[in-house]
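The structure under discussion appears below in the form of structure tokens.
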Amino acid sequence: MNIASHLATSRPRAWLFRLVLFSLVWWLLTDGATASWPVAVPVILIATLLSVRLMPALSWSVPGMLLFVPYFLWHSMRGGVDVARRAMHPQLPISPVLFDYRFRLPPGLPRVFMANIVSLLPGTLSVEIDSEILRVHVLDEAGDTRQELALLENRLAAIFGLTLSFVDSEGQH
Amino acid sequence: MSFTDILTVLLLLAGASFFLAGTVGLLRFPDVYTRLHALTKADNLGLGLMLAGLALQAESWTVVARLLLIWVLILLASSSVAHLVVRTAQQKGIRPWKR
């Protein structure tokens with residue numbers, strides 16, 4: 001696909017948003033140094049072009065995103081404290097197990113985003129994204145992994161403005 | 001030493017202790033999967049605490065924003081890399097350690 005036809009088919013809002021975002025990142029990194037403009041302009045344009053080609057336009061909700069920040073900070077803290085405690089504990093209290101979680105989120109970015117976040121939350125590490133399944137490595141099988149992942153998935157659905165299919169307490173469709 | 005300076009020192013020390021715990025986990029945990037748990041989570045929290053300590057000393061808001069940007073980019077990189085390492089381990093047939 002050439003650039004012109006791509007411009008025509010993709011959503012202009014995604015272009016504009018990413019152009020502004022990358023410009024802001026560059027401005028932050030260089031502290032607004034005007035001498036870097038000859039490099040900045042092509043780099044920002046290439047980054048925008050690549051991002052729109054590699055990652056389709058996606059709608060996301062600002063309130064969902066804002067609500068996610070405190071949740072993420074709190075659970076990152078819990079995750080760090082939990083693993084640090086286990087590492088320093090004389091008996092090394094871990095009991096790892098692999099756990100398969102069935103996605104309710106649609107394929108694409110929401111799933112990749114979830115896999116990334118899962119690795120930063122307490123006691124879970126994404127091993128594989130396999131068609132409908134997220135395989136996670138759990139540090140301690142005692143925890144309720146299914147429920148933690150389901151709660152995370154609800155939060156992510158709120159960010160992307162999605163409604164998840166109904167799931168009973170066993171996590172089955 | 002002002003109150004802010006004391007807070008910075010405390011945050012830096014707390015951050016360093018999480019880096020230490022992450023490294024202890026890297027050495028003590030039994031396999032690649034459990035070791036990456038220690039690295040991703042403890043180091044990310046350690047880094048977050050250190051950047052928070054440094055942000056208190058920042059002279060302008062752009063410095064704070066830049067520290068935040070560094071944290072977010074490193075979170076993204078470390079969770080992606082951890083995932084790629086354990087996925088490769090699984091595809092090579094390395095079984096997770098069991099108690």
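Being a predicted model, the structure only gives us computed values, none of them experimental. To find a chain, count down the sequence lines: A is the first, B the second, and so on, and within it residues start at 1. Every heavy atom of this structure was used, including side-chain atoms; hydrogens, water molecules and symmetry mates were not.
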Please tell me whether A:W60 and A:F68 are part of a single hydrophobic cluster in this structure, the criterion being side-chain heavy atoms less than 4.5 Å apart. yes
Quick check: does any side chain N or O of B:K41 sit under 3.5 Å from a backbone N or O of A:T124, one acting as donor and the other as acceptor? yes
Contact between B:Q90 and A:R135 at the side-chain level, heavy atoms closer than 4.5 Å - yes or no? yes
Does some side-chain heavy atom of A:F72 sit less than 4.5 Å from a side-chain heavy atom of B:L75? yes
Find out if a path of hydrophobic residues (ILVMFWY) with successive side-chain heavy-atom gaps under 4.5 Å connects A:L45 to A:W26. yes
What part of B:Y33 lies closer than 4.5 angstrom to a heavy atom of chain A: side chain, backbone, both or neither? both
Is there a salt bridge (charged side-chain N to carboxylate O under 4.0 Å, His left out) between A:D31 and B:R66? Walk through the geometry before answering. CA-CA 9 Å; A:D31 215 5; B:R66 214 178 304 165; 3.3 Å; yes
In terms of hydrophobic clustering (I, L, V, M, F, W, Y; side-chain heavy atoms under 4.5 Å; direct or indirect links), are A:L134 and A:F99 co-clustered? yes
Side-chain (B:R99) to main-chain (A:P96) donor-acceptor, under 3.5 angstrom: no
Is a donor on one side and an acceptor on the other found under 3.5 Å between the side chain of A:H137 and the backbone of B:L36? no
For each of A:S95, A:S119, A:P122, tally heavy-atom pairs with chain B at distances under 4.5 Å, and name the one with the top tally. A:S119
Which bit of A:H89 comes within less than 4.5 Å of chain B, counting heavy atoms only: side chain, backbone, both or neither? backbone
Can you see which heavy atom on A:A84 is nearest to which on B:A21, and at what distance? CB-CB, 3.5 Å
Is the shortest heavy-atom distance from the side chain of B:T34 to the side chain of A:L125 under 4.5 Å? no
Does some side-chain heavy atom of B:S80 sit less than 4.5 Å from a side-chain heavy atom of A:N116? yes
Co-membership, hydrophobic cluster, residues A:M55 and A:F113, 4.5 Å side-chain: yes
Rounded distance [0.5 Å steps], CG in B:L45 versus CG in A:D82: 11.5 Å
Can you hop from A:M77 to B:F18 via hydrophobic side chains spaced under 4.5 Å? yes
Please examine the side chains of A:R86 and B:H37, heavy atoms only from C-beta on, and report whether any two atoms are closer than 4.5 Å. no
Would you say the side chain of B:P96 lies within less than 4.5 Å of the side chain of A:L98, judging by non-hydrogen atoms? yes
Close side-chain approach of A:V97 to B:K98, heavy-atom, < 4.5 Å: yes
Option passing side chain to side chain contact (heavy atoms under 4.5 Å, CB included) with B:S79 (candidates A:L120, A:V118, A:L121, A:I117): A:L120
A:V83 and B:T40: CA distance, side-chain angles, deciding distance, side-chain contact (heavy atoms from CB on, under 4.5 Å) verdict: CA-CA 10 Å; A:V83 84; B:T40 48; over 6 Å; no
B:R87 (side chain) donor-acceptor with A:S126 (main chain) under 3.5 angstrom: no
Can you name the residues of residues 46-64 of chain B that have some heavy atom under 4.5 Å away from a heavy atom in chain A? B:T62
